[in-house]
Amino acid sequence: MQGFNKYYPPDYDPDKHQSLNAYRGKHALGDRARKLDKGILITRFELPFNIWCGTCNNHIGMGVRYNAEKKKVGAYYSTPIYSFRCKCHLCDGWFEIQTDPKNTRYVVVSGARQKDEDWDPEENGGFAIHDTEGKAGPADPLAALEKTTDAQNHVAKVQIPRIEALQGVSDHYNNDPYTLSSMVRKRFRAEKKIEAQKRADDDTIKGKYGLPEELKLVEDDAEAKHQARDEWARARMDYEAERNSKRPRLSIPSSSGSNSRPTLDPVSSLKARILDNTRRSSTLASKRKPPDRKVLIK
């Protein structure tokens with residue numbers, strides 16, 4: 001296991017040496033700060049583009065890393081300009097690359113040359129980019145003045161009224177936030193009570209008729225009532241039609257000839273059959289012999 005504690009020798013004085021690096025006469029950055037007195041810091045630098053070395057003319061690809069000497073060589077306004085001096089790994093030559101804050105890029109200063117890799121759309125199967133506007137002509141003072149006047153009129157007639165209207169709407173809705181919040185919360189509570197009552201009514205109906213809990217009932221409004229009434233009437237008509245189709249039809253077959261009886265309707269035929277059955281039942285009951293009285297007494 002690696003130890004994280006520091007060894008303090010017996011002759012170490014914290015008031016005199018301040019730190020272990022000062023006691024040993026070393027910098028906190030170690031060997032990277034060996035040229036710090038000259039303003040140079042050894043740092044790890046990665047090539048931002050492809051270059052050819054100016055000493056050995058070998059190609060060095062983008063992304064190759066070097067232990068470069070970093071130094072501040074100037075400033076662009078408040079942005080510092082840094083120089084990175086690297087030694088070629090294929091020869092003993094040195095090359096220098098600087099930052100360009102104005103154009104946000106790197107430039108080769110000496111010892112190498114950058115590979116030009118500008119992308120051409122026509123060479124890669126694309127479309128060339130042409131300047132459709134062309135070169136700008138000489139500025140017309142009158143046209144510039146007219147354009148400035150139109151812009152001022154647009155600001156005065158369109159933009160300012162629009163901004164004032166938006167400011168008025170903002171003041172209207174944000175003038176009294178407590179009242180607006182109270183109105184919203186009151187409306188929310190009312191809607192919550194209505195939803196709770198509706199949920200309770202639906203649970204009562206589901207429990208009464210044994211409906212599943214996940215069944216969603218429709219809202220009880222005029223449209224739902226009218227639709228339910230039409231559905232009930234249509235179901236009743238279907239039931240009546242099915243019932244009439246199952247009912248047996250009573251009819252008396254008619255025979256051709258001079259002695260044929262007149263055809264009766266089903267209702268009259270049914271009445272005749274009922275009267276005939278009643279007459280026969282009463283005749284049989286009158287012809288039946290009553291039981292002997294003596295046998296009943298015994």
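Quick note: residue numbers are just sequence positions, from 1. Given the structure is predicted, the values throughout are model-derived calculations rather than measurements. Reckoned from all heavy atoms, side chains included, excluding hydrogens, waters and symmetry mates.
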For [X] and [Y], work out which heavy atoms get closest and say how close.
X: Ile51; Y: Ala112; answer: CD1-CB, 4.1 Å
X: Leu180; Y: Tyr173; answer: CD1-O, 2.6 Å
X: His59; Y: Asn50; answer: NE2-CB, 3.6 Å
X: Arg113; Y: Val108; answer: N-CG1, 4.3 Å
X: Pro101; Y: Pro80; answer: CG-O, 4.0 Å
X: Leu90; Y: Cys56; answer: CB-SG, 4.2 Å

Nearest 0.5 Å please: distance from the [atom1] atom of [X] over to the [atom2] atom of [Y].
X: Ile60; Y: Cys88; atom1: CD1; atom2: SG; value: 4.0 Å
X: Cys53; Y: His89; atom1: SG; atom2: NE2; value: 9.5 Å
X: Glu240; Y: Arg243; atom1: CD; atom2: CZ; value: 6.0 Å
X: Phe49; Y: Gln114; atom1: CZ; atom2: CD; value: 4.0 Å
X: Lys198; Y: Asp201; atom1: NZ; atom2: CG; value: 10.0 Å
X: Cys86; Y: Lys70; atom1: SG; atom2: NZ; value: 12.5 Å

- Query: Hey, mind stepping through Ile160 and Val155 against side-chain contact (heavy atoms from CB on, under 4.5 Å) and telling me if it holds?
  - Reply: CA-CA 6 Å; Ile160 293 179; Val155 170; 4.1 Å; yes
### Task
Measure the acute angle between the ring planes of Phe45 and Tyr106, then classify it against the limits of 30° and 60° as parallel, tilted or perpendicular.
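Judged by the thresholds at 30° and 60°, the geometry between Phe45 and Tyr106 is perpendicular.
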Any donor-acceptor N/O pair, [X] side chain to [Y] backbone, under 3.5 Å:
X: Arg32; Y: Ile42; result: yes
X: Ser170; Y: Leu166; result: no
X: Thr204; Y: Ala200; result: yes
X: Ser245; Y: Glu242; result: yes

Between Gln167 and Asp171, does any side-chain donor sit less than 3.5 Å from a side-chain acceptor?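 Yes.
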For His226 and Asp230, which I'm curious about, is there any donor-acceptor pair between the side chains at under 3.5 Å? yes
| request: Could you give me the CA-CA distance, side-chain angles and deciding distance for Glu46 and Val64, then say whether side-chain contact (heavy atoms from CB on, under 4.5 Å) is met? | output: CA-CA 6 Å; Glu46 181 176 336; Val64 179; over 6 Å; no
Inspect the surroundings of [atom1] in [X] and state if more than 12 heavy atoms from other residues, nucleotides or ligands are less than 6.0 Å away.
X: Arg65; atom1: CZ; result: no
X: Arg44; atom1: CZ; result: yes
X: Asp176; atom1: CG; result: yes
X: Gln159; atom1: CD; result: yes
X: Arg185; atom1: CZ; result: yes

For side-chain contact (heavy atoms from CB on, under 4.5 Å), just list the numbers for Asp31 and Arg34, CA-CA rounded to whole Å, side-chain angles, deciding distance to a tenth of an Å, and then say yes or no. CA-CA 5 Å; Asp31 191 53; Arg34 62 181 181 270; 2.7 Å; yes
Do Leu215 and Tyr209 share a hydrophobic cluster (ILVMFWY, side-chain heavy atoms under 4.5 Å, transitive)?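 Shared cluster, yes.
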Hphob cluster co-occupancy, Phe84 + Leu41, side-chain heavy atoms under 4.5 angstrom: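 Not linked; separate clusters.
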Do Tyr66 and Leu47 have side chains that get closer than 4.5 Å, going by heavy atoms? yes
Discussion item. Could you check whether any side-chain heavy atom of Ser83 comes within less than 4.5 Å of a side-chain heavy atom of Val109, counting everything from C-beta outward?
Written reply: no
Less than 4.0 Å between a side-chain N and a carboxylate O, is that true for [Y] and [X]?
X: Lys206; Y: Glu213; value: no
X: Arg199; Y: Glu195; value: no
X: Glu96; Y: Arg85; value: no

key: Lys72 NZ/CZ over Tyr82 ring centroid, <6.0 Å and within 45° of normal   = no
Please evaluate residues Trp94 and Glu69 with respect to the criterion side-chain contact (heavy atoms from CB on, under 4.5 Å), reporting the C-alpha separation (whole Å), side-chain torsions for both, the decisive distance (0.1 Å), and the verdict. CA-CA 11 Å; Trp94 291 78; Glu69 297 179 355; 4.1 Å; yes
